[in-house]
Every structure is written in C-alpha cells, then in structure tokens.
Amino acid sequence: MTAQKGKDILLKIGDGGTPSAFTAIAGLRARTISLNARTVDATDADSPGGWRELLPGAGVRSASISGGGIFRDAAADETARAVFFAQTAHEWQIVIPDFGILEGPFLIAALEYSGRFDGEAQYAMTLSSAGQIGFTAI
C-alpha cells in the first residue's frame with residue numbers, strides 16, 4: 001500500500017434496507033480507526049519456560065472509529081443526532097481507499113458539537129462496534 005490522503009477515508013451510514021444503501025454522513029477532517037482484540041491468558045504451572053500462553057481466538061474483538069469535521073448538510077446532521085438519541089445499532093461502512101472496507105453494526109458512543117465565533121460549527125463523533133464487523137479488501 002502506498003501513502004494516501006487521509007481525506008479519502010469515508011464514513012457511511014446504511015439506510016436500513018435489505019441490502020442497505022450507504023450514504024456518506026459527514027465531511028471528516030480527522031479520523032482514527034482502532035481494531036482491538038482482548039487476549040485470554042491460558043498460562044499455568046506447566047507453561048514452557050514459565051512463558052505466558054494466550055488462548056487463540058478466545059478474546060473479545062472490537063472496533064472504534066472516531067473523527068471530527070463538518071456535516072455535509074442539515075440532513076446528515078439530523079441523521080447523526082437521531083441515531084445517537086435512539087442508541088440503536090446501524091450498519092456503517094468505513095472505506096479506506098487502496099486497503100478495504102469495514103462494515104457492520106455500530107453505535108454512536110459520543111457526539112460532540114463545537115465552534116468558534118469566527119469559524120464554522122464542527123462535530124466530533126465516536127462509533128463503537130455493536131456486533132460482528134466484516135472486512136472486504138479493495
């Protein structure tokens with residue numbers, strides 16, 4: 001993978017249909033994607049050399065996406081607010097050009113608004129995985 005522009009990472013929300021149609025939710029200026037796997041320690045008195053042993057595939061996996069920027073339009077702002085206050089999982093796509101697409105259910109865990117007197121209104125949002133997340137290579 002070669003270097004790429006951070007602005008090309010897209011955050012899209014599904015419309016709830018089958019199959020779901022996805023729409024870009026906001027103009028992200030900064031974004032972070034965190035993929036995590038909690039480990040399960042299976043070390044016991046018989047572990048070779050006293051070294052820690054981890055149980056493969058037994059931990060809890062999670063994904064978290066955070067970003068901030070400006071909403072594309074009033075409809076995108078309303079969608080994010082409605083999804084946050086409903087606290088229901090929605091299908092989301094996180095498109096990382098030349099790498100892949102993460103897709104699955106996420107909750108909006110945090111939604112913040114801010115603004116300066118001489119600038120535009122901005123937001124910050126954090127999505128937390130709420131089920132199995134799939135990955136499709138591009």
Side-chain angles (χ1 to χ4, degrees):
M1 182 170 94
T2 61
Q4 56 188 274
K5 298 177 218 155
K7 71 176 187 155
D8 291 340
I9 297 174
L10 295 176
L11 183 60
K12 298 180 173 186
I13 188 168
D15 65 357
T18 306
S20 202
F22 291 89
T23 304
I25 190 74
L28 293 170
R29 292 184 175 169
R31 49 202 71 66
T32 302
I33 300 167
S34 299
L35 303 173
N36 302 292
R38 194 173 323 147
T39 59
V40 174
D41 190 338
T43 309
D44 62 23
D46 294 327
S47 294
W51 285 93
R52 178 178 69 171
E53 294 183 275
L54 299 177
L55 189 57
V60 175
R61 292 183 286 174
S62 64
S64 176
I65 291 86
S66 60
I70 57 171
F71 283 108
R72 298 177 64 101
D73 52 35
D77 179 31
E78 173 55 33
T79 298
R81 270 187 285 128
V83 169
F84 173 77
F85 283 111
Q87 279 300 288
T88 56
H90 277 70
E91 288 291 312
W92 291 79
Q93 278 186 342
I94 298 81
V95 181
I96 309 163
D98 297 329
F99 182 68
I101 299 171
L102 294 169
E103 183 175 328
F106 286 87
L107 285 172
I108 297 179
L111 182 60
E112 302 172 29
Y113 293 91
S114 64
R116 293 177 42 100
F117 77 95
D118 60 349
E120 71 280 356
Q122 297 183 11
Y123 77 95
M125 182 169 32
T126 300
L127 301 176
S128 293
S129 59
Q132 184 173 357
I133 305 301
F135 177 79
T136 305
I138 295 180

- Are any side-chain N or O atoms of Thr79 and backbone N or O atoms of Ala75, one a donor and one an acceptor, separated by less than 3.5 Å? yes

- Enter the distance from Leu10:CG to Phe22:CZ here, rounded to the nearest 0.5 Å. 12.5 Å

- If you group Ile, Leu, Val, Met, Phe, Trp and Tyr whenever their side-chain heavy atoms sit less than 4.5 Å apart, what else falls in with Val40? Leu55

- Residues forming a side-chain hydrogen bond (donor to acceptor under 3.5 Å, both in side chains) with Ser20, sequence neighbours excluded: Asp15

- Following the transitive rule for hydrophobic clusters with a side-chain heavy-atom cut-off under 4.5 Å over Ile, Leu, Val, Met, Phe, Trp and Tyr, establish whether Trp92 and Ile96 coincide in one cluster. yes

- Would you mind telling me which of Ile13, Ile25, Leu107 makes a side-chain contact (heavy atoms from CB on, under 4.5 Å) with Val83? Ile13

- Message: Using only atom types and a distance under 3.5 Å, with no angle test, would you say the side chain of Gln87 pairs donor to acceptor with the backbone of Ile108?
- Response: yes

- Query: Please walk me through it: do Trp51 and Thr43 pass side-chain contact (heavy atoms from CB on, under 4.5 Å)?
  - Reply: CA-CA 7 Å; Trp51 285 93; Thr43 309; over 6 Å; no

- Task: Find the distance between OG (Ser66) and CG (Leu11) and round it off to the nearest 0.5 Å.
- Result: 10.5 Å

- Do any pairs count as a salt bridge (charged side-chain N to carboxylate O under 4.0 Å, His left out) and have a residue in residues 44-67, sequence neighbours left out, and if so which ones? none

- Can you list the residues that meet the side-chain contact (heavy atoms from CB on, under 4.5 Å) rule with Glu120, with sequence neighbours excluded? Arg29, Ile70, Gln122

- Item | hydrophobic_cluster_shared for Phe84 and Met125, side chain cutoff 4.5 Å | yes

- Sequence neighbours left out, what passes side-chain contact (heavy atoms from CB on, under 4.5 Å) with Ala121? Give chain and number order. none

- Distance-minimising heavy-atom pair for Ala89 and Pro105: CB-CB, 4.0 Å

- Task: Taking side-chain hydrogen bond (donor to acceptor under 3.5 Å, both in side chains) as the test, write out the residues that go with Ser62, two or more places apart.
- Result: none

- Interatomic distance, OG@Ser64 vs CG@Leu127, rounded to 0.5 Å, equals 7.5 Å

- So which pairs with a foot in residues 126-138 pass side-chain hydrogen bond (donor to acceptor under 3.5 Å, both in side chains), sequence neighbours left out? none

- Query: Tell me, which pairs form a salt bridge (charged side-chain N to carboxylate O under 4.0 Å, His left out) where one or both residues lie in residues 79-93, sequence neighbours left out?
  - Reply: Asp77-Arg81, Glu78-Arg81

- Residues in ring pair (Phe, Tyr, Trp, His ring centres under 6.0 Å) with Phe135, at least two apart? Phe99

- Message: With heavy-atom distances below 4.5 Å as the criterion, would you say the side chains of Ile94 and Ile101 are in contact?
- Response: no

- Message: When you group the ILVMFWY residues by side-chain heavy-atom contacts below 4.5 Å and let the links chain together, are Leu111 and Ile33 in the same group?
- Response: yes

- Taking only residues two or more places apart in sequence, or in another chain, which ones meet Arg116 in a side-chain hydrogen bond (donor to acceptor under 3.5 Å, both in side chains)? Asp118

- Look at the side-chain heavy atoms of Ile, Leu, Val, Met, Phe, Trp and Tyr, link any pair under 4.5 Å apart, and say whether Phe85 and Tyr123 land in one connected group. yes

